[in-house]
Amino acid sequence: LIAVSKTKPLSLIREAYDAGQRHFGENYLKELILKSNSPDMAELCPDIKWHYIGSFQKKMASMLMRVSNLYMLETLSGSIEADAVNSRWKAPEPLKVLVQVNTSGEECKSGIKPEECSALVKHINTNCPKLKLAGLMTIGAPGHDYTSGPNPDFQLLFNCRKNVCSELGLNENDLELSMGMSCDYEQAVSVSFFIYFLYKTPAY
């Protein structure tokens with residue numbers, strides 16, 4: 001689980017860190033830069049792992065490089081954006097990235113269409129050696145009635161991974177799934193356990 005720490009003070013982040021939380025997500029890049037470069041963070045939370053989970057555009061690539069302890073970019077949604085990050089990343093280890101998939105089809109949400117997923121994954125694996133494709137992510141439409149069954153957006157993301165791996169000859173175990181927000185993370189976890197026990201493949 002990633003603790004979303006946007007707008008939260010460093011004192012609360014440290015409290016969660018001291019309780020064992022290591023992965024923190026930030027929606028606003030400027031805020032992430034300030035927090036990650038805080039001397040207090042470096043001293044008190046030395047192995048914190050920052051995830052950028054906000055909307056990402058090509059013009060933000062240079063700013064992203066100013067984040068300290070950046071663990072993952074979760075909202076990569078195009079080859080242009082991938083190339084921009086790849087050309088600027090200077091760390092010895094590749095940056096982990098997730099491909100954002102717009103499973104709900106909402107115009108207000110970022111992310112590629114499910115049918116475009118394989119092409120972007122192939123582009124990253126072929127042309128972006130400084131990036132490490134960690135998996136796929138989605139937000140999903142809000143307000144799903146769970147009395148009618150699991151969220152179809154979460155199930156669609158699972159199918160996207162299955163199709164991508166089939167088309168590109170990849171191992172499903174190598175691609176994690178990131179899905180769910182504060183209001184529905186429990187349902188996302190439930191879907192993940194169902195997927196794992198049914199298909200023996202991980203979904204995070």
Side-chain angles (χ1 to χ4, degrees), residues 1-101 110-111 120-121 123-125 127-139 157 161 173-182 185 188-189 192 202-204:
L1 293 179
I2 298 169
V4 178
S5 51
K6 65 176 181 179
T7 73
K8 300 298 187 292
L10 298 182
S11 59
L12 287 182
I13 295 175
R14 182 190 175 188
E15 185 176 340
Y17 181 92
D18 289 343
Q21 181 68 30
R22 289 296 180 269
H23 294 266
F24 292 83
E26 289 283 337
N27 292 64
Y28 309 119
L29 191 50
K30 290 183 179 180
E31 183 179 356
L32 175 54
I33 291 171
L34 290 174
K35 287 179 176 177
S36 68
N37 287 286
S38 166
D40 290 339
M41 280 287 99
E43 179 181 355
L44 300 174
C45 307
D47 61 339
I48 193 170
K49 295 175 173 60
W50 293 107
H51 296 239
Y52 180 66
I53 60 176
S55 179
F56 183 77
Q57 299 175 348
K58 173 186 175 181
K59 62 183 180 182
M60 302 167 67
S62 294
M63 289 181 62
L64 191 71
M65 302 304 110
R66 295 162 55 189
V67 177
S68 179
N69 287 345
L70 180 63
Y71 180 80
M72 182 180 289
L73 169 61
E74 294 206 6
T75 50
L76 198 57
S77 58
S79 58
I80 294 176
E81 290 79 8
D83 291 340
V85 177
N86 179 74
S87 66
R88 290 167 174 80
W89 186 249
K90 302 300 181 184
E93 296 296 325
L95 174 64
K96 293 182 175 65
V97 299
L98 297 179
V99 168
Q100 182 174 4
V101 185
S110 300
L120 180 53
V121 167
H123 178 85
I124 293 172
N125 285 342
N127 302 306
C128 301
K130 296 180 181 179
L131 304 183
K132 169 61 177 178
L133 180 70
L136 312 177
M137 71 82 68
T138 194
I139 296 175
L157 190 69
R161 178 176 67 176
N173 292 328
D174 294 335
L175 295 184
E176 64 185 65
L177 300 181
S178 176
M179 52 195 184
M181 299 178 69
S182 298
Y185 76 92
V189 171
S192 299
Y204 303 102

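For E31, the salt bridge (Lys or Arg N to Asp or Glu O under 4.0 Å) partners at least two apart in sequence or on another chain are K35.
Proximity of K58 to D83: side-chain heavy atoms (C-beta onward) are nowhere separated by under 4.5 Å. Inter-residue side-chain proximity for S36 and Y52 is flagged as unmet; no heavy-atom pair is nearer than 4.5 Å. The closest side-chain heavy-atom distance from P46 to Y17 is below 4.5 Å. The side-chain heavy atoms of I124 and N86, taken from C-beta on, include no pair separated by under 4.5 Å.
Across all non-hydrogen atoms, the minimal contact from L76 to A82 is CD1-N, 3.7 Å. The two residues S68 and W50 come nearest to each other via the heavy atoms O-CD1, 3.1 Å. Between E176 and R161, the shortest heavy-atom contact is CA-NH1, 4.2 Å. The minimum heavy-atom distance between L98 and L136, with the atom names listed, is CD2-N, 4.0 Å. Of all heavy-atom pairs between I13 and K8, the closest is CD1-O, 4.1 Å.
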Discussion item. N69 vs F24, test: side-chain contact (heavy atoms from CB on, under 4.5 Å). Steps then yes/no.
Written reply: CA-CA 11 Å; N69 287 345; F24 292 83; over 6 Å; no
Practice prompt. Quick one: do L64 and L70 satisfy side-chain contact (heavy atoms from CB on, under 4.5 Å)? Show the steps, please.
Written response: CA-CA 8 Å; L64 191 71; L70 180 63; 3.7 Å; yes
Worksheet item: Between T7 and Y28, is a side-chain contact (heavy atoms from CB on, under 4.5 Å) present by the stated rule, with each step listed?
Response: CA-CA 9 Å; T7 73; Y28 309 119; 4.3 Å; yes
Worksheet item: Can L44 and L10 be said to form a side-chain contact (heavy atoms from CB on, under 4.5 Å), step by step?
Response: CA-CA 10 Å; L44 300 174; L10 298 182; over 6 Å; no
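Checked against S5 for a side-chain hydrogen bond (donor to acceptor under 3.5 Å, both in side chains), the options Q21, E26, H51 give a single hit: E26.
Within the model, atoms CE of M179 and CG of L157 stand 6.5 Å from one another, a figure rounded to the nearest 0.5 Å. Here the CG-SG distance, from D18 to C45, works out to 6.5 Å after rounding to the nearest 0.5 Å.
A donor-acceptor contact shorter than 3.5 Å is absent between the side chain of N125 and the backbone of L133. Side chain of T75 to backbone of G54: a donor-acceptor contact under 3.5 angstrom is found. Side-chain atoms of N37 come within 3.5 Å of backbone N or O of I33 as a donor-acceptor pair. A distance-only check finds no donor-acceptor pair linking the side chain of R88 to the backbone of M65 [under 3.5 Å].
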